[in-house]
There are 2 protein chains.
Amino acid sequence: MHLIMTKSPHTAPPLEATVTELSLAVGLLLRRLRAETNPDGLTWSQTMVLARLERSGPMTTADIARAEAVKPQSMGATLTELEGDGLVERHRHPSDGRQILFSLTAKGVEARRRRGAAKQKWLLEAITALNPEEQATLMSAVTLIKRLGASGSRHGEEP
Amino acid sequence: MHLIMTKSPHTAPPLEATVTELSLAVGLLLRRLRAETNPDGLTWSQTMVLARLERSGPMTTADIARAEAVKPQSMGATLTELEGDGLVERHRHPSDGRQILFSLTAKGVEARRRRGAAKQKWLLEAITALNPEEQATLMSAVTLIKRLGASGSRHGEEP
DNA sequence: TATTGTTATACTCTATAACTATA
DNA sequence: TATAGTTATAGAGTATAACAATA
């Protein structure tokens, strides 16, 4: 069991150190993920949206924006790119003419399948190299980080 | 103890799901952190560099770039901004005329102190709201995430 | 020749503001 | 009037490429 220790107990309450260390760690990992995203010419953000649609099924622009904690306009831009690449398609909402549902196309599903094999190999290997206890800790932490990411926000929760 | 379960056991090995879920969670949290960074007019990246210099002492451009997993040119831009704001200052390296050491100025130290109190209040509160076991899990995971972020890379390790 | 840093340029991601269409 | 989405513009954060100075 590894615990983060601040250099001296009097600097700050441990939880403040955790905020800083968590921020640094998350920033570092995300930059690594971003830097390596690209077997299909997809950016990291595009990949994340595809992953979410695959997992959650058809969603509206606003729904995806809420889940990813970005503004609808920003998500609209990403979806337009993905649509241009033929990876997602739009459908009219059955009862509300304003809303538009996005879902993966066959090509989008295929892109997800290919990625599963090739991408983020380094991260998969790094996680595989952890011992079982560490893997369990990481998986538990993922749910906690999601809660933190969704907490105290005007944003909606993730499904 | 919370475990992430994939919807059906046959979709993918659990560790692949962990890669995806970890990516989504980290992306979400980082967007929240980025969005809220700004009591002093500092951006998130600037804040992270100040935090690192505070923790590790004087570092060269290349050192910081390695630690943050960005290119030296990118870090150079960030450091130039911070220098322009009077938060960091440069010093000649004692033995190598090519290298430049950056350290916090008094104003930079003050900015860190003020931030400790005010910033990322929502995250500190969210972490405080976790139970002790969850907090311990999170702290353990921070060290794991740092290792993942540094793994398999041409980048150096973090101090 | 290899390394550290700088300058110039471009792309990704996201935000804010103003607008249109539907509820 | 409130909500979903679109269009236009801007800024932050990086990257790549080409260069200068030092080792």
Side-chain angles (χ1 to χ4, degrees), chain A residues 23 26-38 40-50 58-85 88 90-102 154-156, chain B residues 23 26-38 40-50 58-85 88 90-102 154-156:
Chain A
S23 298
V26 159
L28 184 63
L29 182 57
L30 192 70
R31 259 180 238 113
R32 290 291 310 281
L33 288 169
R34 254 184 215 296
E36 318 219 2
T37 308
N38 236 320
D40 305 297
L42 290 176
T43 67
W44 185 80
S45 293
Q46 290 170 344
T47 302
M48 288 302 100
V49 171
L50 293 183
M59 298 173 76
T60 67
T61 303
D63 285 342
I64 308 174
R66 253 191 303 276
E68 294 279 336
V70 299
K71 301 297 175 192
Q73 298 98 310
S74 302
M75 188 48 63
T78 301
L79 288 166
T80 300
E81 292 164 4
L82 287 170
E83 190 185 22
D85 290 342
V88 304
R90 47 181 82 206
H91 310 276
R92 289 200 312 283
H93 191 283
S95 63
D96 186 335
R98 295 170 303 179
Q99 300 183 204
I100 296 175
L101 287 163
F102 283 89
R154 45 295 182 210
H155 308 302
Chain B
S23 299
V26 159
L28 184 63
L29 181 58
L30 193 68
R31 257 180 241 114
R32 291 292 309 282
L33 287 171
R34 252 184 218 297
E36 317 219 2
T37 307
N38 237 320
D40 306 297
L42 291 176
T43 67
W44 186 81
S45 293
Q46 289 170 344
T47 302
M48 287 302 101
V49 171
L50 293 183
M59 298 173 76
T60 67
T61 305
D63 284 341
I64 308 174
R66 254 191 303 275
E68 294 279 336
V70 301
K71 300 298 173 190
Q73 298 97 311
S74 302
M75 188 48 63
T78 301
L79 287 167
T80 300
E81 293 164 4
L82 287 170
E83 192 185 21
D85 291 343
V88 304
R90 47 182 83 206
H91 309 278
R92 288 201 313 283
H93 191 283
S95 62
D96 186 336
R98 295 170 304 181
Q99 298 183 203
I100 296 173
L101 285 163
F102 284 89
R154 44 301 179 206
H155 308 301

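In what follows, chains carry the letters A, B, and so on, assigned in the order in which the sequence lines appear, proteins first and then strands, with residues in each chain numbered from 1.
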Item to check | Sugar-phosphate, base or nothing in reach of T60(A), heavy atoms under 4.0 Å | outcome: sugar-phosphate
Next on the checklist: Categorize R90(B) for me: base, sugar-phosphate, or nothing, with a 4.0 angstrom heavy-atom threshold over every strand shown.
Outcome noted: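 Sugar-phosphate contact only.
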Checklist entry - Do any side-chain nitrogens or oxygens of R31(A) fall under 4.0 Å of OP1 or OP2 in dG13(D)? => result no
Checklist entry - Side-chain N or O of S45(B) less than 4.0 angstrom from OP1 or OP2 on dG13(D)? => result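 True: S45(B) side-chain N/O within range (under 4.0 Å) of dG13(D) OP1/OP2.
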Between [N] atom [atom2] and [X] atom [atom1], what is the distance in whole Å?
| X | N | atom1 | atom2 | answer |
| --- | --- | --- | --- | --- |
| L82(A) | dT12(C) | CG | P | 13 Å |
| L28(B) | dT14(C) | CG | P | 11 Å |
| D85(B) | dA12(D) | CG | P | 11 Å |
| I100(A) | dT7(D) | CD1 | C1' | 14 Å |
| L33(A) | dT12(C) | CG | P | 18 Å |
| L79(A) | dT7(D) | CG | C1' | 15 Å |
| M75(A) | dT7(D) | CE | C1' | 17 Å |
| L30(B) | dA12(D) | CG | P | 16 Å |

How many angstroms lie between [atom1] in [X] and [atom2] in [Y], if you round to the nearest 0.5 Å?
| X | Y | atom1 | atom2 | value |
| --- | --- | --- | --- | --- |
| L42(B) | D85(B) | CG | CG | 6.5 Å |
| L50(B) | S45(B) | CG | OG | 11.0 Å |
| H91(A) | T60(A) | NE2 | OG1 | 13.0 Å |

Counting side-chain heavy atoms from C-beta on, which of [options] comes nearest to [X]?
| X | options | value |
| --- | --- | --- |
| R98(B) | dG5(C), dA23(D), dT3(D) | dA23(D) |
| R34(B) | dT22(D), dT14(D), dA4(D) | dT14(D) |
| V70(A) | dA21(D), dA15(C), dT14(D) | dA15(C) |

Checklist entry - Between D96(A) and Q73(A), who's closer to the 5' end of DNA chain C by nearest nucleotide? => result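 Closer to the 5' end of DNA chain C: Q73(A).
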Checklist entry - Hey, which of these two, G97(A) or T78(A), hits DNA chain C nearer its 5' end, going by closest nucleotide? => result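 Nearer the 5' end of the strand: T78(A).
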Checklist entry - Which heavy atom of S23(B) sits nearest a heavy atom of L33(A), and at what distance? => result OG-CD1, 3.8 Å
Checklist entry - For G27(A) and L101(A), take the nucleotide of DNA chain D holding the closest heavy atom to each; which residue's nucleotide lies nearer the 5' end? => result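 Nearest nucleotide further toward 5': that of L101(A).
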Checklist entry - Starting at the 5' end of DNA chain D and moving along, which residue's nearest nucleotide shows up first, T80(A) or A77(B)? => result T80(A)
Checklist entry - Under 3.5 Å, is there a donor-acceptor pair between the side chain of R31(A) and the main chain of E68(B)? => result yes
Checklist entry - Could one point to a donor on the side chain of T61(A) or the base of dA4(D) with an acceptor on the other under 3.5 Å away? => result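 Absent.
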Checklist entry - If you take atom types as modelled and just measure distance, does the side chain of S74(A) reach the base of dA15(C) with a donor-acceptor pair under 3.5 Å? => result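 Pair found.
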Next on the checklist: If we check side chain to side chain contact (heavy atoms under 4.5 Å, CB included) with F102(A), which of these qualifies: D63(A), L82(A), L79(A)?
Outcome noted: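 Of the listed options, the one satisfying the test is L79(A).
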